[in-house]
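The next block holds one structure in the form of structure tokens; read it before the comments.
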2 protein chains.
Amino acid sequence: MKLVVIGSGPAGVVASLTVKTLQPRANVTVIGRDPVFVRCSAPYILAGKVDMEKCIEPDRILTERGIRVVRDEATEITKGHVKTASGKSFSFDHMIIATGARPIVPPIRGADKSNVFVIRGPKDVNSLNCQLSKPKNVVIIGGGMIGTEIAALLSERHKISIVEMLPRVLSASYDSEVTDNVENELKKMGVKLFLGTKVKSINGKTRAETVSVGNRDLNADIVIISAGIIPETDIAKKAGIKICKFGIKTNRYMETSMKNIYAVGDCAQTFSAIKNKKTGSGLANTAVLQAKIAGMNIAGKTSVFRGTVNASTTQISDLSLGSVGLTEQQARSENMKCKCGKSHTMTKYDMQPGARPLFTKLVFDSKERIIGGQVMGSGGIVPGIVDLLSFAIKRGCLADDLMMTSYSAHPELTSLPFANPVVMACEDMKCSD
Amino acid sequence: MKLVVIGSGPAGVVASLTVKTLQPRANVTVIGRDPVFVRCSAPYILAGKVDMEKCIEPDRILTERGIRVVRDEATEITKGHVKTASGKSFSFDHMIIATGARPIVPPIRGADKSNVFVIRGPKDVNSLNCQLSKPKNVVIIGGGMIGTEIAALLSERHKISIVEMLPRVLSASYDSEVTDNVENELKKMGVKLFLGTKVKSINGKTRAETVSVGNRDLNADIVIISAGIIPETDIAKKAGIKICKFGIKTNRYMETSMKNIYAVGDCAQTFSAIKNKKTGSGLANTAVLQAKIAGMNIAGKTSVFRGTVNASTTQISDLSLGSVGLTEQQARSENMKCKCGKSHTMTKYDMQPGARPLFTKLVFDSKERIIGGQVMGSGGIVPGIVDLLSFAIKRGCLADDLMMTSYSAHPELTSLPFANPVVMACEDMKCSD
């Protein structure tokens, strides 16, 4: 079996490794310009906390497993063949498209100036990094996950402003109970917030010097655009593969509209496990899962993608946040009848030194099926709660199921056994009924 | 409705609060000698890290909700009445027995000496605490969860030995891959381990001076017996309620053999959610869950106990451990055909400063249904994995269900997205098939 994978990001690498593990004799070629860059670490690289080199996975994770790596750009898919920028051609009987996504650059006048950056690949991060050696005025356009994380991490040395079109930061994943706290935390760190505000223009001669926001001009030595991503679908489209606004169309086996061609990761459309509707994801965990599923199907082990719930975690200074499924605002904006429950507990037993507040909000549909959750606290306790909720949402579980679970308890590691954050939020929902 | 609850530990308190919340007009009386003591914090009190007063819940958590608290000992249950040590009598139409458990004191000669302690109530902890002001030779009999935690915490100031009958510490919850590490960690802290060894006698005049173990006499200024608990069933037995070796017999509504009398917490028998067999639990999370279920049933909201999976977490120095369900050894000793999978990942992204090793072992039955899990790492990431596995075990989930979940990922909070500990352990199980 001859497999060509286009794209050597996390999705491409995981897909090829999956096939090779299940079918060691398969002939697997990965075509991609750059090795895997652990993108989520970019804020930590910029803050000088992590070395760039450590965030780039070496080709040998593929080559030592017998996978061929071609450092080139795939430019055209024809029947059974892929052509590359350097003029090579590779035949295949199965293909996986894992071309990823590119950053959205909003149509702002001056966005093309030399000190305006996006953050996607190692080159972007390197060029930006070089300019951060001295304290600077940094204007970040976009108050999503990457924008706020970078703001928090860079605020130790630099003067940061965030400009966000929507009225709240992180509003794609959190309701205002959480984002109010995040905004306060950012302000405490000296980050200036311009919310519900569009950037009019980026001004200066060749370099940006100011950013016009409302009636103000913000000083800007550096501008970072962190306004989301758009699926990279050009090569698929050119080949006649069906596309929608969320990316390359796929079914639940991750097959595209063209026989034996699969699409996975940020370039692929996905669907919500909650609403059974098409959506985008843009998260590494979705990409990795889709990659495994495509790989398994190609290797003859039928596997079905059960949809995304967009489980994510983030860290703003020492505030840890997690979100999964729908926020209350999202549910209501789609006219879903929903009920919410909240709890205020602690990250450790109340009496232990270092115990910090833990806030949990759960969103249920009218039948008390869990459809979303948000957690705000400190440290490793947050992803565990998110992952449990993610599992419960994907399996269509009810509040009763969450309440009847046995949760471990320990003075240093969890809330008190009679103050479990998930159970208390479920009870709050039932009581406020 | 007139409810009497015997016992004012966590189970009694949660049961009475549940009834009062659901039926605010119910007449609820709690009879018990002592207020709730947050027992798991005892090791931290002894180590001087937490104040005793903060670990005792005030009566007002009950009285301010309109629950009557009687600080007395219930001595006899007759038809519709309870008598107390001070000669009072209380009538009821529903009763909950939540008498808890008492520490097991093995029949060792000299176990009655004045400096031999058990650790259960605040009085035990206080008396022991007084003797720990200066560095001492402490011999701990029993290498279970409490014994090892105390050993680790006291080893900073004292010379500690643990004597454990079984060949490994923590063997009720962990296989040797984990306990080998714990034993090494304890040794590094200067704790002397005597495993697979019984205590012959505790020697001295009125006070213990040495403990005879094998051919050795260990110096002992203090002896701590931490050899497990035995359900406190005397009052139930005397009333003619059915008892088994795991405690007061109950059905899944937490009803005893006597009409309108329920039993919850450490005094009550429970059953395994995995094997559907009677068992004990002794964990606060089981007690609290049973208490809620009994409370709901009494208040007219039918609720069924779905069995225990014994989810627990513990902390030995800065090593965090978690366990749920069956260990491999337990499964094999019951002649269950089982398959295991292991993963070695990190507590954070590999490149982040402070990333520590994370070991995960999963146990599956022959149909790949998850029946147990053990996690060893550092910090809050451990209970989250345990709770997810607990949920999956209770719902009879398969390895495929765990593999198809969306796990959140973040540089500071989790393993790398393509190195999820649960997914990798599932894959390891499938590969070693």
Side-chain angles (χ1 to χ4, degrees), chain A residues 10 13-14 21 38 40-41 44 49-51 54-55 284-289 292 306 308-315 320 322 324 347 349-353 379-388 390-392 394-395 401 403-414 416-418 431, chain B residues 10 13-14 21 38 40-41 44 49-51 54-55 284-286 288-289 292 306 308-315 320 322 324 347 349-353 379-388 390-392 394-395 397 401 403-414 416-418 431:
Chain A
V13 167
V14 169
T21 304
V38 179
C40 339
S41 287
Y44 295 90
K49 294 184 193 291
V50 169
D51 290 339
K54 289 190 183 165
C55 299
N285 59 42
T286 307
V288 165
L289 190 49
K292 285 202 175 146
R306 302 182 190 175
T308 185
V309 289
N310 285 340
S312 71
T313 37
T314 186
Q315 178 87 8
S320 308
V324 58
T347 55
Y349 282 19
D350 302 22
M351 62 290 283
Q352 295 289 119
I381 195 170
V382 169
I385 299 174
V386 170
D387 290 351
L388 171 66
S390 170
F391 193 75
K394 264 204 173 172
R395 298 190 68 75
D401 300 318
M403 291 169 78
M404 290 300 146
T405 294
S406 302
Y407 296 88
S408 64
H410 186 277
E412 275 293 298
L413 300 171
T414 71
L416 281 159
F418 37 86
C431 285
Chain B
V13 166
V14 169
T21 303
V38 179
C40 338
S41 287
Y44 295 89
K49 293 184 194 292
V50 170
D51 291 339
K54 290 191 183 163
C55 300
N285 59 42
T286 307
V288 165
L289 189 49
K292 285 202 174 144
R306 304 182 188 174
T308 184
V309 290
N310 285 339
S312 72
T313 38
T314 184
Q315 178 88 8
S320 307
V324 58
T347 56
Y349 282 20
D350 302 22
M351 61 290 285
Q352 295 290 118
I381 194 169
V382 169
I385 300 174
V386 170
D387 291 352
L388 171 67
S390 171
F391 193 76
K394 264 205 171 169
R395 299 191 67 77
C397 292
D401 299 318
M403 290 169 78
M404 290 300 147
T405 295
S406 302
Y407 297 87
S408 64
H410 186 276
E412 276 294 296
L413 300 170
T414 71
L416 282 158
F418 38 85
C431 286

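Chain A is the first sequence line, chain B the second, and so forth, proteins listed ahead of strands; every chain is numbered from 1.
- Interface summary for chain B: among A:Thr308, A:Val14, A:Thr314, the most heavy-atom pairs under 4.5 angstrom belong to A:Thr314.
- Using a 4.5 Å cut-off on side-chain heavy atoms (C-beta onward), A:Tyr44 and A:Gln315 make contact.
- With a 4.5 Å cut-off on non-hydrogen atoms, B:Tyr407 touches chain A through its backbone and its side chain both.
- Contacts between A:Asp401 and chain B at a heavy-atom distance below 4.5 Å involve backbone atoms as well as side-chain atoms.
- Residue B:Phe391 touches chain A through both its backbone and its side chain, counting heavy-atom pairs closer than 4.5 Å.
- Neither the backbone nor the side chain of A:Ala287 comes within less than 4.5 Å of any heavy atom in chain B.
- In this structure, the side chains of B:Gln352 and A:Val50 come closer than 4.5 Å at one or more pairs of heavy atoms.
- In terms of heavy-atom pairs under 4.5 Å with chain B, the best-connected choice from A:Gly384, A:Gly379, A:Gly380, A:Ala284 is A:Gly380.
- To the nearest 0.5 Å, atoms CD1 (A:Ile385) and OG (A:Ser390) are separated by 13.5 Å.
- When every heavy atom of B:Lys54 is checked against every heavy atom of A:Met351, the shortest pair comes out as O-CE, 3.3 Å.
- Distance check, rounded to the nearest 0.5 Å: OG of A:Ser408 to CG of B:Asn310 gives 12.0 Å.
- Interface remark: of the candidates B:Asn285, B:Asp51, B:Val386, B:Asn285 forms the most heavy-atom pairs closer than 4.5 Å to chain A.
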Evaluate side-chain contact (heavy atoms from CB on, under 4.5 Å) for A:Leu289 paired with B:Ser406, printing each intermediate quantity in order.
-> CA-CA 7 Å; A:Leu289 190 49; B:Ser406 302; 4.1 Å; yes
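- Interface remark: of the candidates A:Thr286, A:Val38, A:Thr414, A:Val38 forms the most heavy-atom pairs closer than 4.5 Å to chain B.
- At a 4.5 Å heavy-atom cutoff, B:Val13 makes no contact with chain A through either its backbone or its side chain.
- For B:Ser41, the parts lying under 4.5 angstrom from a heavy atom of chain A are both the backbone and the side chain.
- No other option in A:Met403, A:Arg395, A:Glu412 has as many heavy-atom pairs under 4.5 Å with chain B as A:Arg395.
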Could you go step by step and tell me if A:Lys394 and B:Thr405 meet the side-chain hydrogen bond (donor to acceptor under 3.5 Å, both in side chains) rule?
-> CA-CA 7 Å; A:Lys394 264 204 173 172; B:Thr405 295; over 6 Å; no
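- Listed options A:Thr313, A:Leu388, A:Ile381 were ranked by heavy-atom pairs under 4.5 angstrom with chain B; first place goes to A:Thr313.
- Options A:Pro417, A:Pro353, A:Ala392, A:Pro411 differ in how many heavy-atom pairs under 4.5 Å they form with chain B, and the most are formed by A:Pro411.
- For B:Leu413, the parts lying under 4.5 angstrom from a heavy atom of chain A are both the backbone and the side chain.
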